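Below: one structure, written as structure tokens.
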2 protein chains.
Amino acid sequence: MSCQPLRTEEHKKEIMAVQDSMDVLNGKWKISIISSICYYNKRRFSDILNDVTGISNKMLSKELKELEINKLIKRTVLDTQPITVQYELTQHGKSLQTIINNLKDWGIKHRKEIIGNTSEPIEENALAENTI
Amino acid sequence: MSCQPLRTEEHKKEIMAVQDSMDVLNGKWKISIISSICYYNKRRFSDILNDVTGISNKMLSKELKELEINKLIKRTVLDTQPITVQYELTQHGKSLQTIINNLKDWGIKHRKEIIGNTSEPIEENALAENTI
DNA sequence: CCGTATCCCCGGGGATACTG
DNA sequence: CAGTATCCCCGGGGATACGG
């Protein structure tokens, strides 16, 4: 986001755009799900259920639906017996790789920043549950 | 995130790093708050309260605290009468600019992708409330 | 196998009032 | 001005069971 003075209208639009991205990626599971599909290229429902530790079928179903609405993944029903469903990233979904990579890099940097400098407690925050 | 096969351990760490970033930025207000401070360079509590339309003092207080814990902003109490408090971005906070910019760009791209291609309804999702 | 339906609980977060 | 305290509601999301 530009921090130079500019018309407030424009500024608000920028914030909206950032929020749009955040909304798409938000939720405890989205990143992990995308990651799972991305990692294996094509992946079935029950597989993802196993990949993403802790997620319930209800949540997985919901998150997948949202990802599909946002055109990040493509759902294909295979007429096996019983039917299986395959998920894969769309081109649009793949375009997320860059941004996810950026988030990853900053996340690593952040972790160093927080843990490195002081031994201050981190609260129940971001790093609290993940540290080490 | 790398989608080439690699050890699962490594893969999980990458996802954690992405989640760390997401956690820091998460919450309806964080981006707007950062943006407000960034835009004006230094900003007082009540000013931010006005900048970010819809936020309550309780939420602002809470979010600012989290941002401070994560070392993205610096809090300074000025001994005016009555006291005022000034917030500004730290160096670490400023390092977010790049990533926020990336999120902004992808957000714009995403909006085009969703609205552009079809006239499909977008549900209660991301764009639903912000569109136009 | 791939989900949907139902129940239920807990905490995020708004409104309002109060303090240093 | 810069927060805290309190009350209260609503929905996110877990557990479990069921349907195509």
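Letters go in sequence order (proteins before strands), and every chain restarts at 1. Bear in mind that the values here come from a model prediction, so they are computed numbers and not experimental data.
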Bend of the helix from C:dC1-D:dG20 to C:dG20-D:dC1 from end-axis comparison, five pairs per end, nearest 10°, comes to 40°
Its 5'-most and 3'-most nucleotides having an atom under 4.0 Å from a non-hydrogen atom of chain B, DNA chain C is contacted over C:dG13 to C:dA17
Under a 4.0 Å heavy-atom cutoff, the residues of residues 41-55 of chain B touching DNA chain C are none
Does one side chain, of A:S21 or B:H110, offer a donor that lies under 3.5 Å from an acceptor on the other? no
So with a 6.0 Å cut-off around NZ of A:K74, is the heavy-atom count from everything else above 12? no
Just by distance, do the side chain of A:K30 and the backbone of A:N26 share a donor-acceptor pair under 3.5 Å? yes
Are any side-chain N or O atoms of A:Q19 and backbone N or O atoms of B:W29, one a donor and one an acceptor, separated by less than 3.5 Å?
no
Distance col, row A:L72:CG vs B:E113:CD, nearest 0.5 angstrom, shows 9.0 Å
Residue pairs passing the salt bridge (Lys or Arg N to Asp or Glu O under 4.0 Å) test with at least one member in residues 90-99 of chain A, sequence neighbours excluded, are none
When rounded to whole Å, the CD to C1' distance for the pair B:E68 and D:dG3 reads 13 Å
Practice item. Report yes if the side chains of B:L64 and B:F45 come closer than 4.5 Å at any heavy-atom pair, otherwise no. Key: yes
Exercise. With the side chain counted from C-beta on, respond yes when A:E14 and A:V18 share a heavy-atom pair under 4.5 Å apart, and no when they do not.
Key: no
The complete set of salt bridge (Lys or Arg N to Asp or Glu O under 4.0 Å) pairs with one or both residues in residues 52-61 of chain A, sequence neighbours excluded, reads none
Can you tell me if NZ on A:K13 sees more than 12 non-hydrogen neighbours from other groups inside 6.0 Å?
-> no
Quick check: do B:Q86 and B:R75 have side-chain heavy atoms less than 4.5 Å from each other?
no
**Asked** Can you find a pair of side-chain heavy atoms, one from B:T76 and one from B:L78, that are under 4.5 Å apart?
**Response** yes
5'-most contact on DNA chain D (nearest-nucleotide basis), A:K28 vs B:R75, goes to B:R75
Dump the pairs, protein N or O against N or O of nucleotides 16-20 of chain D, anything under 3.5 Å, distances to one decimal.
none

(request) Indicate yes or no: at least one non-hydrogen side-chain atom of B:H92 is less than 4.5 angstrom from one of A:W106. (result) yes
5'-most contact on DNA chain C (nearest-nucleotide basis), A:V85 vs B:K62, goes to A:V85
